[in-house]
Amino acid sequence: MIRKMQLPLQTLNLILGFMVWVIISSLMPFITEDIAIPPGKLAMVTAIPVVLGSILRIPLGYYANIFGARIVFLVSFILLLFPVYYISEASTMMDLIIGGLFLGIGGAVFSVGVTSLPKYYPKEKHGFVNGMYGIGNLGTAVTTFSAPIVATQIGWAPTVKLYLILLLVFIALNFFLGDRHEAKVKTPIMEQIKGVYKNEKLWFFSLFYFITFGSFVAFTVYLPNFLVSNFELTKVDAGMRTAGFIAIATFFRPIGGWLADRFQPLFLLVGTFSVYTVAAILLAFSPGITLYTVGCLAIAVCAGMGNGVIFKLVPFYFNKQAGIVNGIVSMMGGLGGFFPPILLSTIHAATGQYSIGFMLLSQVALASLILVIWLYYQGTQSNE
C-alpha cells in the first residue's frame, strides 16, 4: 500500500515545493507597494530563489538515493519553514533576497522524485511516471493564480504565512506515508560524477533541459510583473494568465513522457525545438497582447513536451547513475530559469526593449535543434 502511495505523495510534495518556490515573484506587484525595490533590481529579486533551487538539485538527487525520498522531503519541508516565515516579516529588499535564496529548497526537491520514483516501475513506464510526477509544476500555477487573489483580501504578508500551515501538513504526511523501505544506492557522489561527466549525452541533455525547464521557470517569474508593466493588465489578471501558461506546460509534461515511451524521443525533441525557434522569434518582434499570448502558449506547450521527453532519456542512458545525472540535468534547467529574467532586464535597461533577449532564446533553441538532429543521425537514440 505504501509503495503505491509514492507517486501521488511525491507529486503532491513537488506541488507544494513549487508553490513555495515562487511566492516572491507571484506577490511582487503587492510587495513593491510596501518595499522599495529599484526597477533594475526587480528581476534579480524574483530570480534569486532559482539559484539555490538549481544548485541543490545535485545533492538532493544524490541523497534521495542514499536516504530515500521520505527523509529528503521531510528535511526539506522543515527547512523551508524558516525562509517562509522570514519573508512574511520582510521589510527591506535585502530581507527578500536572503529569504528568497533559501526558498530555493522548494525548487530543488524536483530531483528527489525523478530519482526515487523510477525504482517502483519498469523501464517502459519511466517516461510516463516522471511526466506524471512533473505535474508537480502546477504548484507554481497554484501560487501565481491564488496568492494575488488572497493577498488582495488579507495582504501579502499574511498570505505568505499561510504556507507555513501547508508545510506542517506535508511534514506530517511524509512522516506517516513516506516509504521507509525504499531501495537505496550508496555509491559515493564523486565516484558517480566521475562516471558520467565525460559522457557527452549528459551535457546535451543538460542543454536541452536548460532550454525547456529554464524557459518554464523564466516565464513563470517574469510574466506577472511584465504583464502588469508592459501591457497594463491588473495584478490578478496577470497572475491568471501566468497560471494559464504554467497549467498548459504542466499538462503537456506527462503527454511528452507518454509519447516518449512509445515513439523515438529524439524525434519528438526535433519538433519541440523547431517550434521553440519560431515562437521566440515571434516574441522578439514585440507584438501586441494577442500575438504575444500565441507565442507564450507555443513555448508553454514545447516546455512541457520537452521536459517530459528529456526525463525519459535520462534513466534510459544513465540507469545506474540516475540520481546524480537527474541532479545535474535538473540543476541546469533551474539555472536556465535564473539567467533569462536578469538578462532580459539588463537588455531592457540598455535598449528599452526585450527583442534581443528573445532572439537569443530563438538562437539557443536552434542550436539545440541542430544537436538533436546530429544525435538522431549518429544512432545514439533509444530503441523504438
Side-chain angles (χ1 to χ4, degrees), residues 8-28 30-31 34-35 45-64 66-113 116 136-148 150-151 154-180 217 220-221 334:
L9 175 63
Q10 293 189 34
T11 302
L12 288 172
N13 286 340
L14 185 60
I15 289 175
L16 177 61
F18 274 35
M19 284 175 66
V20 173
W21 198 22
V22 296
I23 287 173
I24 291 178
S25 61
S26 301
L27 292 173
M28 185 55 73
F30 295 87
I31 293 172
D34 294 333
I35 300 175
V45 175
T46 55
I48 280 295
V50 181
V51 178
L52 205 63
S54 304
I55 296 171
L56 277 181
R57 288 181 172 196
I58 293 179
L60 260 62
Y62 171 73
Y63 286 121
I66 298 292
F67 300 111
R70 175 178 175 270
I71 296 296
V72 180
F73 275 123
L74 264 175
V75 173
S76 298
F77 290 156
I78 290 170
L79 291 176
L80 277 170
L81 291 169
F82 299 97
V84 170
Y85 179 77
Y86 186 77
I87 288 168
S88 73
E89 297 290 321
S91 58
T92 66
M93 185 181 77
M94 187 53 64
D95 289 337
L96 294 174
I97 290 174
I98 294 170
L101 179 65
F102 291 99
L103 279 189
I105 297 169
V109 298
F110 172 80
S111 61
V112 179
S116 169
N137 288 356
L138 271 179
T140 52
V142 173
T143 289
T144 54
F145 174 76
S146 62
V150 176
I154 66 174
W156 67 267
T159 300
V160 174
K161 281 189 169 70
L162 291 177
Y163 286 83
L164 296 172
I165 300 171
L166 287 173
L167 285 167
L168 290 171
V169 169
F170 273 80
I171 288 168
L173 284 175
N174 280 278
F175 181 81
F176 291 109
L177 300 179
D179 185 4
R180 299 168 188 262
V217 174
T220 297
V221 302

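Computed from a predicted model, the values in this text were never measured in an experiment.
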Under the side-chain contact (heavy atoms from CB on, under 4.5 Å) criterion, do Leu166 and Met19 qualify, and how do the steps go?
-> CA-CA 10 Å; Leu166 287 173; Met19 284 175 66; 3.7 Å; yes

Could you measure the distance from the [atom1] atom of [X] to the [atom2] atom of [Y]? Nearest 0.5 Å is fine.
X	Y	atom1	atom2	answer
Ile154	Lys161	CD1	NZ	10.0 Å
Leu16	Leu12	CG	CG	9.0 Å
Ile105	Phe82	CD1	CZ	10.0 Å
Ile48	Met93	CD1	CE	9.5 Å
Leu173	Leu9	CG	CG	6.5 Å
Trp21	Asn137	CH2	CG	8.5 Å

Answer yes or no: is there a donor N or O on one side and an acceptor on the other, between the side chain of Ser26 and the main chain of Ile23, under 3.5 Å?
->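 Checking the backbone N and O of Ile23 against the side chain of Ser26, no donor-acceptor pair under 3.5 Å is found.
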
Backbone N/O of Val22 and side chain of Ser25: donor-acceptor pair under 3.5 Å =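 Yes: the side chain of Ser25 pairs with the backbone of Val22.
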
Assess whether atom CZ of Phe170 is packed by more than 12 heavy atoms of other residues, nucleotides or ligands within 6.0 Å.
->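 It does: Phe170 CZ has more than 12 such atoms within range.
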
Should the heavy atoms of other residues, nucleotides or ligands under 6.0 Å from CZ of Phe30 be counted, would the total exceed 12?
->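 Atom CZ in Phe30 is packed in, count exceeds 12.
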
List the steps and the verdict of side-chain contact (heavy atoms from CB on, under 4.5 Å) for Arg70 and Asp179.
-> CA-CA 6 Å; Arg70 175 178 175 270; Asp179 185 4; 5.8 Å; no

Which residues satisfy the side-chain hydrogen bond (donor to acceptor under 3.5 Å, both in side chains) test with Tyr163, sequence neighbours excluded?
->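 Tyr163: side-chain hydrogen bond (donor to acceptor under 3.5 Å, both in side chains) contacts with Thr143.
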
Does Thr92 have any side-chain hydrogen bond (donor to acceptor under 3.5 Å, both in side chains) partners at least two apart in sequence or in another chain, and if so, which?
->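 For Thr92, the residues satisfying side-chain hydrogen bond (donor to acceptor under 3.5 Å, both in side chains) (neighbours in sequence not counted) are Asp95.
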
Hey, does [Y] have a side-chain heavy atom less than 4.5 Å from the side chain of [X]?
X	Y	result
Val72	Ser76	yes
Ile31	Val45	no
Ile78	Ile171	yes

cation_pi(Arg180, Phe175) dist<6.0 Å, angle<=45 |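 Yes, a cation-pi geometry holds between Arg180 and Phe175.
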
Side chain to side chain contact (heavy atoms under 4.5 Å, CB included) partners of Ala108, counting only residues at least two apart |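 Expected list: Leu56, Arg57, Leu60.
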
For [X] versus [Y], what's the shortest heavy-atom pair and its separation?
X	Y	value
Phe110	Leu14	CA-CD1, 3.6 Å
Gly100	Ile87	N-CD1, 3.8 Å
Pro83	Gly99	CB-O, 3.5 Å
Thr159	Ala147	CG2-O, 4.0 Å
Leu80	Phe102	CD2-O, 3.8 Å
Leu27	Trp156	CD1-O, 4.1 Å

Decide yes or no on side-chain contact (heavy atoms from CB on, under 4.5 Å) for Val20 and Phe77, but give the supporting numbers first.
-> CA-CA 10 Å; Val20 173; Phe77 290 156; over 6 Å; no

